[in-house]
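Atom set for the values below is all heavy atoms of this structure, side chains included, hydrogens, waters and symmetry mates excluded. To find a chain, count down the sequence lines: A is the first, B the second, and so on, and within it residues start at 1. Bear in mind the structure is a predicted one, so any value in this text is a computation, not a measurement.
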Protein chains: 2
Amino acid sequence: MTAHGEGERDAAGQPANVPSGSPESIAVPAARERARAIPEAAVARLAVYLRVLSGLDERGTTTVSSEELAAFAGVNSAKLRKDLSYIGSYGTRGVGYEVSVLIGQIERTLGLTKKHRVAVVGIGNLGHALANYGGFLNRGFPVAALFDLDPDLLDVPVGGIPVSAVDDIVDVCRDREVTIGVIATPAEGAQEVCDRLVEGGVVCILNFAPVVLRVPEHVEVRKVDLAVEMQILSFHVARRNQEAAVVPGIAGGTDAGPPGDRVNGNGNSKSALERGDVDGMVVRP
Amino acid sequence: MTAHGEGERDAAGQPANVPSGSPESIAVPAARERARAIPEAAVARLAVYLRVLSGLDERGTTTVSSEELAAFAGVNSAKLRKDLSYIGSYGTRGVGYEVSVLIGQIERTLGLTKKHRVAVVGIGNLGHALANYGGFLNRGFPVAALFDLDPDLLDVPVGGIPVSAVDDIVDVCRDREVTIGVIATPAEGAQEVCDRLVEGGVVCILNFAPVVLRVPEHVEVRKVDLAVEMQILSFHVARRNQEAAVVPGIAGGTDAGPPGDRVNGNGNSKSALERGDVDGMVVRP
DNA sequence: TGCTGTGAACCGTTTCACAGCT
DNA sequence: AGCTGTGAAACGGTTCACAGCA
């Protein structure tokens, strides 16, 4: 879970203040420093805390201790406090944190005070799901444009927004000031789509296509790859089976399993949702 | 969790299977040790290498150097070599790696030689996308069951598999020997669904619902949270804007951008797809 | 000569433990 | 008395640089 997608070999990732003889190098503004200073891993968790806090807020809770909040978020309290310390000191010693204050500060830190217009490219099953998904995109991330190659989809409204042609990506994105692009196309088209999004002014891309995208330095890419997730799980199944085959007692695969529950702080993929649903359906067993 | 000092000493890449009939005393099987020893981050990248290798294989390439493969996968060659070293020594010094050998070894390591039956719970937009998504689930991960609460969906086939009731999760999963569960329900139902899946014998869960799941020790959970991904991107947009506001030259938001391209090795979310599409649509600009 | 495999240095993240405030 | 905020230690993963082998 590293952070940035470093360049290649040496290339000298000159992130912060590398005294490479630059002119006004040293005196970098505090705000920028602050933002840069927050570890990527912490940023991901802040989003989780935010979701939990929103839930508490709705339930009328006004104060939480680091211990409580940590439990809800599935991390330990020390980590939580350290994470929060990156954004400032907004707790009260001996008491805890005020929910509303924390929400505000995290939102500010994550840049959620500004709405980021989103474009979804590739209106297949997944793109459809994303476009319709009111619970997440519309919550601070309004979908401003949809694109697909299929002529049959042209102008068909999905989730209220008519589908545009991929050829118009650059113009439409510029027009509607899209800052975040979501690529839900097959692998083949992805790089091309990516290039156009970038040309259209998009600075961040969420990539669902199974390809490594090439982007200019100033563009941030995050990738979500379902196949990789599955394969990682597969690895764990295999590992488990190996262990089971060795440990005398539990040999079967589908036994009830040991006692103690484990809260899934979930190391890997970052995650959280500000609120709502993953989807438009209704499941409530 | 684990601490144990890994014994590097395995010069001769010793095949997976360990004579399990032997004394179950101290001697912890090498295979188990090996599997345990591979860092999670490396596992995720192995999946990426596998995808790239499959592509090379299809194109008829038989040999790659670490440098080439690394370039395709968006990582640096040292990391790639270290990752591959975790699974054994299958390269030839002075030459490189044989594609087919590497594919075989990675598949073995990831446990892809065995098919893992998958159940998808929550057949909304996202669940639909997952169920229909031939490119990823069917490739070594056959969808064996679908579940939803909605009575209207009952028995309706989606992607060829009829939807079952969530009440039947336990029985159906046991019956069809499902090992991996995918939760694509809203947050509310997720924990309940998770519990049932576990009861039904599922050992790995891919969770799209914005909740921290509680699971028994022996169950592995990975979470994919679109909202968190978006918020992380939002953070980067904000950071970028801050920088832009400070750096004299580039002040605008949507300028063409600096020169050098950056290959998106993409630290964060793991990813890769063994092959195919993210979705059923056709996009090819 | 050229490329792999890997010990060792390095660096970011997590955990610990306690000082400092309320 | 209790809980936050944070240096410092511990840990794990990444990068370096080179020994070892084809």
Discussion item. On DNA chain C, does the nearest nucleotide to A:A42 precede the nearest nucleotide to B:G96 from the 5' side, or the other way round? Give the residue.
Written reply: B:G96
Discussion item. Distance check needed: D:dT14 C1' versus B:I38 CD1, whole Å only.
Written reply: 17 Å
Fill in: Nearest-angstrom distance from the residue atom CG of A:D83 to P of C:dC16
15 Å
Fill in: Heavy-atom pair of closest approach, residues A:G111 and B:S234
O-OG, 3.1 Å
Practice prompt. Work out which heavy atom in A:P216 is nearest to a heavy atom in A:V198; give both atom names and the distance.
Written response: CG-CG1, 3.8 Å
Discussion item. Does C:dT4 have OP1 or OP2 under 4.0 Å away from a side-chain N or O of B:S66?
Written reply: yes
Discussion item. Need the bend value for the helix from C:dT1-D:dA22 to C:dT22-D:dA1: angle between end axes, 5 pairs each end, nearest 10°.
Written reply: 0°
Fill in: Nearest heavy atoms of A:T179 and A:V202, plus distance in Å
O-CG1, 3.5 Å
Practice prompt. Starting at atom CZ of B:R45, determine the distance to atom C1' of D:dT15, rounded to an integer number of angstrom.
Written response: 12 Å
Item to complete: May I have the distance from A:E67 (atom CD) to D:dG5 (atom P), rounded to whole angstrom?
Response: 14 Å
Fill in: Nearest atoms (heavy-atom pairs only) where B:N76 meets B:A70
C-CB, 3.8 Å
Fill in: Verdict with supporting geometry, A:E40 and B:H236, side-chain hydrogen bond (donor to acceptor under 3.5 Å, both in side chains)
CA-CA 10 Å; A:E40 186 84 4; B:H236 287 291; 3.2 Å; yes
Worksheet entry | Under-4.0 Å side-chain N/O to phosphate OP1/OP2 contact, A:Y86 with C:dT14 | no
Worksheet item: Is there a donor and acceptor pair closer than 3.5 Å between the side chain of A:R93 and the base of D:dT4?
Response: yes
Item to complete: Take A:S85 and A:G94, find for each the nucleotide of DNA chain D with the closest heavy atom, and name the residue whose nucleotide sits nearer the 5' end.
Response: A:G94
Worksheet item: Looking only at heavy atoms, which two atoms of A:V64 and A:E68 are closest? And how far apart?
Response: CA-OE1, 3.4 Å
Worksheet entry | Distance in angstrom units between A:K79 NZ and D:dT4 C1', rounded | 18 Å
Practice prompt. Could you tell me the separation between the CG atom of B:L84 and the C1' atom of C:dG5, rounded to a whole number of Å?
Written response: 10 Å
Worksheet item: Which whole-number value in Å describes the distance from A:L69 CG to D:dG5 C1'?
Response: 15 Å
Discussion item. Nearest to the A:R81 side chain among D:dT4, D:dT15, D:dG13, which nucleotide is it?
Written reply: D:dT4
Worksheet item: Between A:V95 and A:A78, which has a closest nucleotide on DNA chain D that is more 5'?
Response: A:V95
Response to the item:
To the nearest angstrom, the CG-C1' distance between A:L80 and C:dT13 comes to 15 Å
Worksheet item: Between A:K82 and A:T92, which has a closest nucleotide on DNA chain C that is more 5'?
Response: A:K82
Item to complete: Sorted by first residue and then second, give each salt bridge (charged side-chain N to carboxylate O under 4.0 Å, His left out) pair with at least one member in residues 83-92 of chain A; sequence neighbours left out.
Response: A:R45-A:D83
Worksheet item: Which one, C:dT6, D:dT15, C:dT15, comes nearest to the side chain of B:N76?
Response: D:dT15
